[in-house]
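Just so you know, these numbers use all the heavy atoms, side chains as well, and skip hydrogens, waters and symmetry mates. Numbered from 1 within each chain, the chains take letters A, B, ... in sequence-line order.
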Protein chains: 2
Amino acid sequence: MDKKYSIKDIAQLSGVSVATVSRVINDNGRFSEETRKKVLKVIKETGYQTNFSAKNLRMNKSFSVGILVPDISNYFFATVVQKIEKILFKCGYSTIICNTARDEDKELAYLKMLESKGIDGLIVISGAKAFDINKVSSSSKIPFICIDRKPKDKKNTIFIASDHYQGALDATDSLFNSGSKHPIIATHKHYSSSGADRLRGFKDSLEKHGLPFDTSRNQITLTTENTTIKMEKVLKSQPEIDGIFAINDTVAIEVLSALLKLGKSVPNDIKLIGFDDEPQDKHTYPTLSSVKQDTDRIAQVAVENLIGLINSTGITSESIIIPVELMPRDSTL
Amino acid sequence: MDKKYSIKDIAQLSGVSVATVSRVINDNGRFSEETRKKVLKVIKETGYQTNFSAKNLRMNKSFSVGILVPDISNYFFATVVQKIEKILFKCGYSTIICNTARDEDKELAYLKMLESKGIDGLIVISGAKAFDINKVSSSSKIPFICIDRKPKDKKNTIFIASDHYQGALDATDSLFNSGSKHPIIATHKHYSSSGADRLRGFKDSLEKHGLPFDTSRNQITLTTENTTIKMEKVLKSQPEIDGIFAINDTVAIEVLSALLKLGKSVPNDIKLIGFDDEPQDKHTYPTLSSVKQDTDRIAQVAVENLIGLINSTGITSESIIIPVELMPRDSTL
């Protein structure tokens, strides 16, 4: 009995167009509160059930978008995903978030799952390798954009990223400017294209200041080894180290904690700067200098471009680089 | 051409059962590496496409589970969601994460979306009100469990939560034990059942120590108002305050930062303890005492119980309370 009403019937009974009923169902905002109440009343009275699969076929749209994210507990990823979700929802799209845990098999499984659920578009955030949508199926036509992750084939997508290179260059320059003469970079073990850009920025700042980059002398990588023990060894063999650019704030805060335990003063003995401008940077002791990514802009640009691709009005093979901002605090005074 | 092979054909060509092909496709682990390679080779050669919708009808399962979470940037939520995803994936299920941003309309929209995508089960984490699955459709039969959120109708679900009451009681007791005589509770503006239990624990510890709870004297709520200004006012009108139990670590770190700015020493002037044991607690100055939730256990119990409900072998109308652990650090010395 529930299924005998069509969207056309609901439109007729509500005295509005089919498109308006569709907008109310998808809650995409372009209708008055009065219209919404009227349509929802008719839907309730008739027991009309939105048949998403049927609608999908009819409109060729499911009004859902998938997001592949390597780690939702990462501040930058979580913030961008939440902002994207908020904007997409206002545009009438639901967001399906999949946490791939930096695991390629898992990523493939989630891609297949998202394809099977009939998503209209896909946002791919970071990850180990260049992203290749053809891994799912050679005939896949899902429009997608990449954030912080270079696509394998630039022709069919849009690449959006912060200016990681410039941010890292500015951060390292700021170590020199506050008096550091022998800065190093502290990284983690995960490879990412954004991380590679940040390393490049660090190297170029070093060269600009007359120091050729040498991995064995100018880079440390945090692993599962205790960070305090690691830092103790490094500072013993290279007591000249007086500045650290950390690849992100999580690494920076690990390093800061280790330095304090080793009796080092930040910024007096060693200047320290991170990347991402996490909220906790304001609450560490000393407060942590960092580089702020414009997550509002990234989310806005990502959604605009994806919807452009979905509606075939967008232009692909673009790279959009979003400026970053240096946030100096006490750790580089 | 791609669609002419059935799962039966794939099974026959691979020399295994239909169930094994299904397990390989869903990657649920109960097959050898050799079998996996054999089946995937046949799938590749035949160009067989997994028809998830057809499989869904045939097996009455989509091997996907939805999670409603109010805020993925919250440490506890993100950790639990990631751990649940990991276990579910090992069991052959994909996890669809939906961030509801504590918005009831959004929650309803995502519930409808998840229902339309044919999920096998649902995990609901926290949120403002008691959870009522009948909001989606009166005939909904999706098995679901609630974490940190009381279901409206306990008969059809399982409720899992940390022992928030005991954790708050222990945390407040620890303030008294370290010399505090006039502790208050600092809360945020979001209501949740876990928050209500923590408040109850605080009140009972107060009464145990001979102090009747009085909202106007023993509770402050952080709002959009600057926390330092707020704390300054509170400490001016109640200079006897010498201990603060914060409802979670985010609030605790806000308060800690404000106290330091006001020239107060923690723990000498004011003892402070939070809840959730976020990683940054080890990196604040002083290090922050907290209450640790057993996220491993919560995730394990949640998945086991949901799969039990999906396979109709589970028992509903249960409440499972997971013990917590006090993590004393320098802020309550």
Do you see a donor-acceptor pair shorter than 3.5 Å between the side chains of B/Asp276 and B/Gln293?
yes

A/Ser62 versus A/Lys117, side-chain donor and acceptor atoms under 3.5 Å:
no

Show every donor-acceptor pair shorter than 3.5 Å between a side-chain atom in residues 250-260 of chain A and any protein atom, with sequence neighbours excluded, or say none if there are none.
{"residue": "A/Thr250", "atom": "OG1", "partner": "A/Glu278", "partner atom": "OE2", "Å": "3.4"}
{"residue": "A/Glu254", "atom": "OE1", "partner": "A/Thr227", "partner atom": "OG1", "Å": "2.7"}
{"residue": "A/Ser257", "atom": "OG", "partner": "B/His283", "partner atom": "ND1", "Å": "2.9"}

Under a 4.5 Å heavy-atom cut-off, does chain B meet the side chain of [X], its backbone, both or neither?
| X | result |
| --- | --- |
| A/Asp71 | both |
| A/Tyr110 | side chain |
| A/Lys282 | backbone |

If you tally heavy-atom pairs under 4.5 Å against chain A, which of B/Ile67, B/Ile97, B/Thr79, B/Val81 wins?
B/Ile97

Interface residue of largest heavy-atom contact number with chain A, from B/Ala78, B/Ser94, B/Cys98, under 4.5 Å
B/Ser94

Within a 6.0 Å radius of atom NZ on B/Lys83, are there more than 12 heavy atoms belonging to other residues, nucleotides or ligands?
yes

A/Gly274 and A/Leu288 have their tightest heavy-atom pair at N-CD1, 4.4 Å

